[in-house]
Structure formats: C-alpha cells, structure tokens
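No experiment lies behind these values; they were computed from the predicted model shown.
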Amino acid sequence: MTNMINEYDGNPYARLWKWQTSSKDGVIKGILLHQGESNTNDSIWPQKVKIVYDNLMKDLNLIREMFPCWPVKW
C-alpha cells in the first residue's frame, strides 16, 4: 500500500483536494471508496468512511444531496 500512497505524493487526500481546487474544468461526479480485505472485521469501518466523506464534502465544497454516502459492509 505504501507504493500506491507514494504515487500521490504520500497524501492521496491532499492530491485530490489540490486537483479539484486547481482545476477549471474538473468536475467530481462521484466518490468510490473500497474497503479492501485487510480490515474486514473492523466494526467501526462505517464510522471511518463517514469521517472521510464529511471531510470531502467540506473541503471540496460538495453538496451532500448530490453525493449520498451508503457505507455498507459486505
């Protein structure tokens, strides 16, 4: 996972924020979060997703009604 994070200058969240705020034509049409397999028994995963979601909505000035969040654990 470290290699993937390094592809985004060590901070994927900051990279997304920078891209969105510096883009004149860029539009976010959706957000996809993949839970992966390393923490399948994490009972607070939905709460962690909500924190990321809330931060994205606030930091990128996104409208919650246009980006609903349904954290589901399969």
Side-chain angles (χ1 to χ4, degrees):
M1 181 182 310
T2 303
N3 290 336
M4 291 180 0
I5 292 172
N6 287 337
E7 290 180 26
Y8 297 97
D9 302 323
N11 190 339
Y13 188 89
R15 180 87 172 261
L16 173 64
W17 184 86
K18 181 180 177 183
W19 172 81
Q20 177 64 14
T21 57
S22 65
S23 175
K24 292 181 181 174
D25 299 320
V27 176
I28 295 177
K29 293 189 177 190
I31 300 167
L32 177 63
L33 296 173
H34 183 269
Q35 187 262 342
E37 298 179 10
S38 64
N39 61 346
T40 56
N41 293 319
D42 187 349
S43 63
I44 62 168
W45 179 78
Q47 290 90 335
K48 292 176 181 179
V49 170
K50 183 168 179 352
I51 290 168
V52 172
Y53 171 80
D54 289 343
N55 288 339
L56 282 169
M57 294 298 107
K58 178 179 153 256
D59 295 345
L60 300 177
N61 296 315
L62 300 175
I63 301 168
R64 290 177 186 277
E65 292 75 24
M66 293 179 69
F67 298 94
C69 180
W70 300 295
V72 176
K73 192 168 184 181
W74 300 97

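To the nearest 0.5 Å, atoms OH (Y13) and CG (L60) are separated by 5.5 Å. If you take CG on N11 and CG on N6, they are separated by 11.0 Å, rounding to the nearest 0.5 Å. Rounding to the nearest 0.5 Å places CG of N61 at 10.5 Å from CE of M57.
A side-chain donor-acceptor contact under 3.5 Å links D42 to the backbone of I44.
Under the 4.5 Å side-chain contact rule for hydrophobic residues, V52 and M66 share a cluster.
Applying the side chain to side chain donor-acceptor pair (under 3.5 Å) criterion to N55, with sequence neighbours excluded, gives no partner residue.
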Test side chain to side chain contact (heavy atoms under 4.5 Å, CB included) on F67 and L56; report intermediate values, then the result. CA-CA 10 Å; F67 298 94; L56 282 169; over 6 Å; no

